[in-house]
Amino acid sequence: MADQESTGTTLGYEQARDELIDVVRRLEAGGATLEESLALWERGEELAKVCRRWLEGARARLDAALAAEDGATDGTVASEEEGEDAAE
């Protein structure tokens with residue numbers, strides 16, 4: 001379990017994706033023993049989790065940036081509207 005956690009923190013998205021592609025190619029090529037195939041599949045699962053964590057983190061950062069942008073825009077509009085009400 002600790003090995004899976006360390007894998008997630010040491011691999012970048014591109015590294016994990018590239019290795020996952022290699023694992024899939026090796027599985028699709030066949031010729032591996034059952035034990036080798038299981039080990040490849042397990043490694044693929046770990047790599048997929050790493051990629052998913054990176055993508056979820058990127059999505060969260062984008063959502064936060066968009067929310068901050070919307071908040072800044074909403075705040076500007078509200079301030080302008082308040083100023084118009086006060087002028088009347």
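Along the sequence shown, residues are numbered consecutively beginning with 1. What you see is a predicted model, and the numbers here were worked out from it, not measured in a lab.
Of all non-hydrogen atoms in Ala16 and Val50, the two that sit nearest each other are CB-CG1, 3.7 Å. When all heavy atoms of Leu20 and Leu47 are compared, the pair lying nearest together is N-CD1, 3.6 Å.
Both Leu55 and Val24 are part of a single hydrophobic cluster, where members link through side-chain heavy atoms under 4.5 Å apart.
Interatomic distance, Glu46 CD to Cys51 SG, rounded to the nearest 0.5 Å: 12.0 Å. Between the CZ atom of Arg52 and the OH atom of Tyr13 there is a distance of 11.5 Å, given to the nearest 0.5 Å. Atom-to-atom distance recorded for Arg43:CZ and Leu38:CG is 15.5 Å, nearest 0.5 angstrom.
For the pair Trp54 (side chain) and Leu11 (backbone), a donor-acceptor distance under 3.5 Å is present. Remark: side-chain polar atoms of Gln15 are paired, donor with acceptor, to backbone N or O of Gly12 under 3.5 angstrom.
Ion pairing between Glu56 and Arg59 fails under the 4.0 Å rule for side-chain N and carboxylate O. Salt bridge absent: Glu36 and Arg26 never bring a charged side-chain N and a carboxylate O closer than 4.0 Å.
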